Student: 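The structure's right below; bear with me while I get my questions together.
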Amino acid sequence: MFNPSLFLALALVLQAPAPVSLHNAFNGQQAYAYTAQVAGFGERWPGSPGHQKTRDLINQVLKKNGAQIELDDFTANTPRGPIQVHNIVGKFNVTADPKQPIFILAGHYDTLFKPGFIGANDGASSTAILLSFADALAKQKTKMQIWLMWTDLEEAIESFVGDDGLYGSRHFAQKLRGDGRFSRVRGFFLLDMIGDKDLSVCREINSTSALHSSIEQAAKSLGYGKYFFQHECNIIDDHKSFLDAGIPAVDVVDAEFGRMGPNFDGMGEFHHANTDTIDKVSRTSLEIVGRTILNTVEFLDK
Ligand SMILES: [Zn+2]
């Protein structure tokens with residue numbers, strides 16, 4: 001028996017595109033291309049030509065995707081003297097509702113002040129995954145306002161002691177606290193060093209555990225459970241500025257970059273080393289983290 005109308009219906013079902021969703025709108029190949037482009041700008045410490053090129057690219061991608069842009073520019077007092085700092089925030093799905101909840105996805109775009117250091121993973125991967133989030137958010141609506149934040153001068157000038165480091169995030173979090181917007185922020189995810197080929201996102205112990213659970217659930221539903229929270233870590237990173245301001249926050253960080261051991265940096269052999277180059281970055285890792293984080297946003301948006 002052959003029923004042409006049934007056959008047609010079946011053919012339409014088979015041809016139907018995958019259900020549209022925010023996480024399916026994430027393009028890992030493009031995220032990798034952005035990482036290579038940003039790493040190709042070279043050193044990106046505040047004031048360097050590579051830093052300016054990165055700012056230009058972020059603004060260009062945000063404008064192309066129709067985001068509202070908030071610039072947070074200020075002068076930081078550092079052990080190196082005054083430094084001009086430029087945080088960039090791109091806002092998606094902004095409605096007229098003054099109580100619309102806000103969720104922030106962030107990553108730092110500066111690199112260490114170190115000759116020859118280009119930070120393909122530490123700096124470029126977080127910059128790039130946010131650029132790909134911008135591309136995805138332009139395609140798919142959310143109820144919450146989603147802010148993508150490129151933090152500046154995350155890296156310490158000397159070491160993460162006292163107020164050295166986290167300059168951009170601290171300034172912006174305190175600004176939110178000061179003008180009352182912090183009460184609308186449901187959460188903050190920081191992405192850092194998530195391009196590592198040997199991906200293992202640790203359970204950062206100062207982060208908000210309820211949000212860890214949401215990420216865990218979102219990862220498992222995509223079959224990515226094994227890449228998340230298999231071990232604990234204790235990291236000072238931009239999420240600290242938001243936790244200090246009373247905002248729930250998670251550091252989504254792979255804190256083991258290359259071989260570990262007494263002869264290496266505490267975060268692995270390629271951490272803050274000039275060997276942090278594009279060959280250490282994996283398209284698949286960017287895709288796993290990107291899809292998981294956007295899937296988490298979908299869960300939280302319900
Ligand atoms: Zn770093």
Side-chain angles (χ1 to χ4, degrees), residues 34-35 38-48 50-51 54-55 58 76 78-80 83 85-88 105-130 149-172 188-202 204 206-207 233-243 249-260 264-282 285-286 289:
Y34 281 139
T35 308
V38 172
F41 293 154
E43 297 174 21
R44 300 180 301 285
W45 38 270
S48 65
H51 189 269
T54 312
R55 284 169 66 195
I58 294 165
T78 80
R80 212 184 164 95
I83 293 179
V85 180
H86 307 276
N87 295 313
I88 305 170
L105 306 174
H108 77 93
Y109 76 96
D110 62 304
T111 53
L112 211 57
F113 284 89
K114 183 181 182 190
F117 180 79
I118 61 142
N121 191 29
D122 189 0
S125 73
S126 48
T127 306
I129 203 165
L130 293 175
M149 178 178 186
W150 286 264
T151 68
D152 195 8
L153 199 51
E154 180 270 337
E155 297 288 5
I157 303 295
E158 284 165 0
S159 67
F160 284 99
V161 173
D163 275 352
D164 192 12
L166 318 181
Y167 293 92
S169 61
R170 188 167 48 244
H171 186 267
F172 191 72
F188 174 94
F189 289 160
L190 180 75
L191 298 135
D192 202 1
M193 299 177 59
I194 36 66
D196 183 10
K197 274 187 172 160
D198 176 23
L199 182 68
S200 183
V201 173
C202 56
E204 201 286 315
N206 306 296
S207 302
C233 59
N234 181 359
I235 307 286
I236 296 174
D237 212 338
D238 280 329
H239 67 308
K240 183 181 183 304
S241 302
F242 286 78
L243 287 171
V250 172
D251 190 6
V252 180
V253 60
D254 180 332
E256 298 192 349
F257 189 25
R259 285 177 297 174
M260 305 296 290
F264 303 119
D265 178 285
M267 288 176 69
E269 68 177 316
F270 306 132
H271 179 245
H272 287 181
N274 291 1
T275 45
D276 178 356
T277 43
I278 192 68
D279 53 300
K280 312 300 186 308
V281 174
S282 149
S285 299
L286 292 167
V289 175

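Please read all numbers here as calculations on a predicted model, not as lab measurements. Atoms within each ligand, like the ligands themselves, are counted from 1 in listed order.
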Student: Could you check which N/O/S atom of His272 is closest to the Zn ion (ligand 1)?
Tutor: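 Result for His272 and the Zn ion (ligand 1): NE2.
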Student: Against the six-membered ring of Tyr167, is Arg170 placed for a cation-pi contact (under 6.0 Å from the centre, within 45° of the normal)?
Tutor: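 Ring-cation test returns yes.
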Student: Is any N, O or S atom of Asp122 under 2.8 Å away from the Zn ion (ligand 1)?
Tutor: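 Within the cut-off used here (under 2.8 Å), Asp122 does place an N, O or S atom near the Zn ion (ligand 1).
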Student: Please enumerate all residues that pass side chain to side chain donor-acceptor pair (under 3.5 Å) together with Arg259, with sequence neighbours excluded.
Tutor: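 Side chain to side chain donor-acceptor pair (under 3.5 Å) check on Arg259 returns Glu269.
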Student: Looking at the Zn ion (ligand 1), is there an N, O or S atom belonging to Glu154 that lies under 2.8 Å away from it?
Tutor: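 Checking Glu154: none of its N, O or S atoms is under 2.8 Å.
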Student: Does a side chain donor of either Asp110 or His108 reach within less than 3.5 Å of an acceptor in the other side chain?
Tutor: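 The answer is yes; a qualifying pair exists.
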Student: Specify which N/O/S atom of Glu155 comes nearest to the Zn ion (ligand 1), by atom name.
Tutor: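 Atom name returned: OE2.
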Student: For residues Phe257 and His271, report the shortest heavy-atom separation together with the two atoms involved.
Tutor: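 It is CD2-N, 3.8 Å.
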